Amino acid sequence: MLKIDRLTKSFKSRNAVNAIGLDIPEGQMVGIIGRSGAGKSTLLRMLNRLAEPTSGRIVFDGRDITALRGRDLLAWRATCAMVFQQFNLVGRLDVITNVMAGRLYHHNFVASMLQLFDDEDRARAIRALDRLGMAHTALQQADTLSGGQMQRVAIARALVQEPRILLADEPIASLDPLNAKIVMDALSAINREDGITVICNLHTLDTARSYCDRIIGLADGNLVFDGAPRDLTEAKAREIYGAESEEAFSEGLTSTTIGKPLPAAAMIAARPQYALGAAQ
Amino acid sequence: MSEAGFPGTLARSDTDPVAGFEAHRRQLAREKRAMNLLFAALFIAALATSIYVSRFYPDRLAAGIPRIFEYFGTILPHLEWQVLFEGRNEAGRATPGSIAYWFADFGTYVRLIVETIFMALTATLLGAAVAFVLSFPASKNLAPNSTVFWISRRFMEICRGVPEILYALVLVFAVGIGPIAGVIAIAIHTAGALGKLFAEVNENASMRPVEGIKSVGGNWFEQMRYGVVPQVLPNFTSYTLLRFEINVRASSIVGFVGAGGIGSELNRVISLYSDDRVIAVLILVVLTVTLIDLLSEQLRFYFIGKENLK
Amino acid sequence: MSGYTVTRADIDALKLVHPDVFDVRRKRAILAIVWAVVIGYVAISLWYFDVGRFLNASDRAWRLISAMFVWKDIETWQFANIYGAIAQTLAMAFLGTFMASVAALFLGFLAARTTMPFPFVRQIVRRILDVFRGVDQLIWGLVFVRAVGLGPLAGVLAIFISDTGTLSKLYSEALENIDRKQVEGVRATGAGPIKVMRYGYLPQVLPVFISQSLYFFESSTRSATILGLVGAGGVGMIIIERFRANLFDQVAFVVINVLICVFAIDWVSKKIRERYIGEQSH
């Protein structure tokens, strides 16, 4: 159970995130929506403690996350995996090493400096990659991959962390519709099959509607909606998105293709279902 | 507010626009001419002061120039075509006028040049290792806190601010004559000079991989090792090779103060003799430096070229 | 969460499917050899160079360092001499760089492919410049001290020769990288070769030349401080004299002053280049 209590982040005079309070039960798939600059990213980064909250508390299983320091803080980051819009992989390392980097918290200093990973790490990494249909690229250098492939590698890295929570900061904003669907399907499968809480920042409404159990709407750092997708009325959505409504609702964007059936050939090429099923 | 103020300024300029422009142009030209005159005056003053301070007077120069040619005349080798390639005779003596006679101490020179190159290599590796470690705390974007940043920056400035030969002078005094003083002196200077370049490379590195490693629970060292090092390593290698070229030159002169290498022989030969031995050593030094430059250029091309192919 | 535990059997099964991923022996062996060679080389060379002396020299080094930082008899330090020598160093650097710039202005045109039609002349000029550059400035200093005697004249000549070598090369590279169209334009007006140089080439390359000369003035002040070690004038002579007389506190004082001076010149020259040449610092 993740409890967020009046969490605030101020930049100069402005509150990027303004006293947000939330309870997120274990295993939920949560979508956070809002226009750009609404504070979605800041909120997520504070949960992982990549950004320091100005005030307020984050409590997980009764532990105060905001007070963690040193090794406890690293342990929390290892528990609370994060996937980024720009993937944040190490482009010049090979894919398998990128994924094994998810195990760094469990390594001693010398082993990690010498880049010594054991067979168990390799096994975990290759299994995670296989689950996302990326095992064949294991020895490729990461910057030779396409955006969608990189995001799947990033998710594999998150998986080997054995996280309790998976944060995804605009995971599909840089991807084409087909890859966006693959990535969202993967996140959804991880949530369903592993019971990992997934909290996902999404720019577009349709994606959030078709994948998430619960939608949280932010506007100017304030919580303006918290409920099931069916309760999100169009009027409420317009309030969340404001001037960007047209973009968020319009056809032909990333969001609209998701949820509709894909051409069979593309499905076979991508094989997300096969890939996700194979690991089980 | 600027929109509101704009009509006001327009209303004030009630003069003829052409005349206004001309006046402005003349004013600019006057200012420019004044600036140029000022610079010229400053420059001539600096030149005059410099000539006075360094006593660089025409008569001294006139007296000096013939002596330069005279000196270069005395250090030229006397080669004779008939015996040019003649070896040593049975008694172990070389014929005057042959290359063997000119390079009588060839063995010593080669041994010292090899020592010079190894001195440069060891110093470059040691200095680069220190520079590598220091470059991360000395990068603005990577330093864990501002104290560490400040200390490592100042330390590197001190290392590279003092010329290596001064460090060599002091170290020779402390540990005695020998190559180790030169190696450590050059290593100190290299640590500072390379550290600065490495830190600049680090500051241009993408922070995304670093954030990625941070988000999985990696500590600062792991963020550097996985997030930064793979990105910057090709540039580091290239800069280190470039520094090796510079250090070969440096290690050939630290011998002037007794810190080993060909420099001690160079100093001895130039200071004590004025004959063809001077040119003999100089040729070997220039050849070595040029050869090392060419080799290292090929290597750098190999590293960077390989990067560009990707 | 059964998927997360990894047993020996799991690893063996995965090894069968992805043998290349698990085969890290070769990669590790190469890395180990590379590191062994590098560390072995450094250790052996340090041993050969007799690094052990540092262990025995600690009290001597300590006395040296403490002598540098405990300043005694400051009134006998002859400050006029010190600052006179620093001024002389600056003057040597200024004169040497200025003369080298003038020489490079001619030699640069002679060495550039765009302005020198005869390859023979170009090659000869370039080879001479290579020799100027290939011999270190300090060696030139020593040679000129032998030729014209102790004092700043040798230093100015040493700076002049080595800066001429480098500046001419940089100037000729600048000349080879210019925009040909502007030169064509001047030639089209019927100008002779000298006028083509003056109006076609110079306006384009002059800012580059000035900025490079400024940069060399800066680096020459740095190298001029050590020319005195071989007797070629400037503050280096003060340093070596007082060092030989074991006046280490004064040596430290002089070096600190030189450092301040060099930092100041770096700063001023950076400002000038930014302000008047409109160029990013080197």
Side-chain angles (χ1 to χ4, degrees), chain A residues 44-45 47-51 68 70-94 97-115 141-144 150 153-154 157-163 166-169, chain B residues 128-137 139 141-148 198 201-240 300 302-310:
Chain A
L44 232 57
R45 294 167 64 83
L47 291 183
N48 186 270
R49 289 283 309 273
L50 282 175
L68 295 179
R71 184 132 181 98
D72 291 338
L73 173 59
L74 300 185
W76 166 248
R77 290 203 184 118
T79 318
C80 177
M82 186 139 177
V83 171
F84 300 84
Q85 177 179 353
Q86 294 297 336
F87 329 126
N88 292 13
L89 296 179
V90 187
R92 296 185 39 81
L93 290 178
D94 58 11
T97 311
N98 265 294
V99 177
M100 288 188 294
R103 301 294 301 170
L104 279 179
Y105 170 75
H106 304 276
H107 279 234
N108 67 42
F109 183 74
V110 177
S112 73
M113 287 302 112
L114 294 178
Q115 217 170 308
Q141 197 166 304
D143 55 14
T144 61
M150 283 204 215
V153 172
R157 175 171 76 186
L159 274 182
V160 300
Q161 287 178 246
E162 301 179 3
L166 177 61
L167 307 172
D169 187 9
Chain B
V130 175
F132 180 85
V133 173
L134 282 179
S135 71
F136 298 101
S139 310
N141 52 342
L142 305 176
N145 60 59
S146 54
T147 320
V148 174
F198 286 2
V201 175
N202 285 341
E203 284 174 355
N204 288 327
S206 163
M207 287 302 283
R208 288 207 182 106
V210 183
E211 194 175 47
I213 299 299
K214 194 176 180 184
S215 77
V216 305
N219 59 32
W220 184 81
F221 294 97
E222 285 159 345
Q223 288 165 33
M224 300 302 114
R225 174 68 185 81
Y226 290 86
V228 186
V229 172
Q231 291 187 63
V232 295
L233 214 50
N235 276 327
F236 279 18
T237 317
S238 165
Y239 277 133
T240 306
R300 270 187 292 138
Y302 169 78
F303 278 109
I304 298 296
K306 211 173 71 176
E307 286 316 303
N308 286 347
L309 286 180
K310 276 169 186 165

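Any value given below was found using the heavy atoms of this structure, including those in side chains, with hydrogens, waters and symmetry copies removed. Every chain is numbered from 1, with letters handed out A, B, ... down the list of sequences. Here the structure is a predicted model, which means the values were calculated and not measured.
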- Verify side-chain contact (heavy atoms from CB on, under 4.5 Å) between A:Gln85 and B:Arg208, making sure each step is shown before the conclusion. CA-CA 10 Å; A:Gln85 177 179 353; B:Arg208 288 207 182 106; over 6 Å; no
- Leading residue by heavy atom contact count with chain B [cutoff under 4.5 Å; candidates A:Leu93, A:Leu74, A:Thr79]: A:Leu74
- Query: Got a sec, which residues hit side-chain hydrogen bond (donor to acceptor under 3.5 Å, both in side chains) with B:Ser215, two or more places apart in sequence or on another chain?
  - Reply: none
- Message: As an exercise: rank A:Asn48, A:Val90, A:Asp143 by heavy-atom pairs under 4.5 Å with chain B and give me the winner.
- Response: A:Val90
- Roughly how far, to the nearest 0.5 Å, is the CG atom of B:Asn219 from the OH atom of A:Tyr105? 11.0 Å
- Proximity breakdown for A:Gln161 and chain B, heavy-atom pairs closer than 4.5 Å: side chain
- Name the member of A:Arg49, A:Met82, A:Gln115 that forms the most heavy-atom pairs with chain B at distances under 4.5 Å. A:Gln115
- Closest non-hydrogen atoms of B:Glu222 and A:Ser112, given as atom of the first, atom of the second and distance, are OE2-OG, 3.1 Å
- Query: From B:Tyr226 OH over to A:Met100 CE, what is the distance, rounded to the nearest 0.5 angstrom?
  - Reply: 8.0 Å
- Task: Please round to the nearest 0.5 Å and tell me the distance separating atom NZ of B:Lys214 and atom CG of A:Asn88.
- Result: 12.0 Å
- Note on the structure: The reported gap from CD in A:Gln86 to CE in B:Met207 (rounded to nearest 0.5 angstrom) is 15.5 Å
- Within the side chain of A:Arg77, is there an N or O that forms a donor-acceptor pair under 3.5 Å with the backbone of B:Val216? no
- Task: Answer yes or no: is there a side-chain heavy-atom contact under 4.5 Å between B:Pro209 and A:Arg92?
- Result: no
- Note on the structure: Honestly, the part of A:Arg45 sitting under 4.5 Å from a heavy atom of chain B is side chain
- Whatever's closer than 4.5 Å to a heavy atom in chain B on A:Arg103 counts as neither
- Message: Applying side-chain hydrogen bond (donor to acceptor under 3.5 Å, both in side chains), can you list everything that pairs with A:Thr97, at least two apart in sequence or on another chain?
- Response: A:Asp94
- With a 4.5 angstrom heavy-atom cut-off, could you sort out which part of A:Phe87 is near chain B: side chain, backbone, both or neither? neither
